[in-house]
Amino acid sequence: DGGITQSPKYLFRKEGQNVTLSCEQNLNHDAMYWYRQDPGQGLRLIYYSQIVNDFQKGDIAEGYSVSREKKESFPLTVTSAQKNPTAFYLCASSINPGRTTEAFFGQGTRLTVV
Amino acid sequence: GESVGLHLPTLSVQEGDNSIINCAYSNSASDYFIWYKQESGKGPQFIIDIRSNMDKRQGQRVTVLLNKTVKHLSLQIAATQPGDSAVYPCRGAGSYQLTFGKGTKLSVIP
């Protein structure tokens, strides 16, 4: 089955540590995206990638980093510079960034800093 | 881009009534507008979309209306059911950033 997979579903991190969230898709989509969602709020764009080896900052990129070495993978690293990392993180992909209407979402990773 | 990162408005409706969910957008360059349904703890799922040259589109139990003059998008759900309880974010497509507008949290009262 084709889809987009995020792992792990729940993640705990100690303050001051970096942590990497996984996002993999086998849909052959060019574009991939990372969003953050806080309770009672909408989705905010962290980073996006239109093509392999290219990515751009979204609205709230500070404290985060990404890589896009392979088309199917777009991992997100939450660094110690992110002051309030506890949130629900969603990854999405779309066929191409400009023309497609539909984006497919993973089931999310809930990150808690302890 | 769209209005993002703001607290969501909430809507409570009685089971069986019709629901109208609104979304304001700021990016006039979008070619499409899309409604998603996001259940608690899950990723958003596509519901329906509408091209920017249309003002109405109907699906199964849902209708989307687009008013480009006032940059307003709405989603109508007929005969709302408890399973419709969710957050409904909207977004414009045709931009590279795929940013979301402010949706609504719908609660259905049995």
Side-chain angles (χ1 to χ4, degrees), chain A residues 3-7 9-10 21 23 25 29-51 54-62 74 84 87-112, chain B residues 1-10 21-27 29-54 57 59 64 66 73 86-107:
Chain A
I4 182 166
T5 303
Q6 289 184 243
S7 61
K9 188 172 182 180
Y10 298 97
L21 282 58
C23 180
Q25 53 97 1
H29 285 174
D30 286 319
M32 297 186 74
Y33 313 80
W34 273 105
Y35 294 90
R36 170 185 172 134
Q37 189 172 38
D38 294 286
Q41 296 192 23
L43 295 161
R44 293 188 287 171
L45 182 67
I46 305 173
Y47 266 99
Y48 64 101
S49 169
Q50 301 172 30
I51 199 169
D54 178 75
F55 49 83
Q56 305 294 329
K57 292 181 178 180
D59 299 317
I60 55 165
E62 185 176 353
F74 190 41
N84 186 22
F88 187 51
Y89 291 88
L90 283 159
C91 179
S93 70
S94 61
I95 295 174
N96 61 64
R99 298 178 62 83
T100 189
T101 63
E102 186 173 354
F104 293 83
F105 283 82
Q107 289 303 298
T109 294
R110 189 168 297 281
L111 173 65
T112 302
Chain B
E2 318 299 346
S3 301
V4 295
L6 302 177
H7 282 275
L8 298 170
T10 59
I21 299 169
N22 299 306
C23 184
Y25 65 91
S26 56
N27 185 357
S30 297
D31 298 327
Y32 289 85
F33 295 89
I34 306 147
W35 279 102
Y36 291 83
K37 176 183 180 182
Q38 186 181 14
E39 295 177 276
S40 180
K42 297 183 179 178
Q45 290 184 304
F46 175 91
I47 300 176
I48 190 169
D49 63 0
I50 185 169
R51 288 178 179 267
S52 59
N53 61 357
M54 299 170 64
R57 188 177 184 202
V64 57
L66 175 62
L73 189 69
V87 172
Y88 290 84
C90 67
R91 73 168 178 94
S95 70
Y96 288 101
Q97 292 198 352
L98 226 162
T99 53
F100 280 77
K102 186 169 67 173
T104 297
K105 181 178 181 179
L106 176 65
S107 297

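Bear in mind the structure is a predicted one, so any value in this text is a computation, not a measurement. The sequence lines fix the lettering, A, B, ..., with proteins before strands; numbering per chain opens at 1.
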(message) side-chain contact (heavy atoms from CB on, under 4.5 Å), that's the test. Do L90(A) and Q38(B) meet it? Break it down for me.
(response) CA-CA 11 Å; L90(A) 283 159; Q38(B) 186 181 14; 3.4 Å; yes

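Interface remark: K42(B) contributes backbone and side-chain atoms alike to the contact with chain A (heavy atom separation under 4.5 Å). At a 4.5 Å heavy-atom cutoff, Q6(A) makes no contact with chain B through either its backbone or its side chain.
To the nearest 0.5 Å, atom CZ of residue F104(A) and atom CZ of residue F46(B) are 9.0 Å apart.
Summarising the local packing, NZ of K37(B) is surrounded by more than 12 heavy atoms from other residues, nucleotides or ligands at distances under 6.0 Å.
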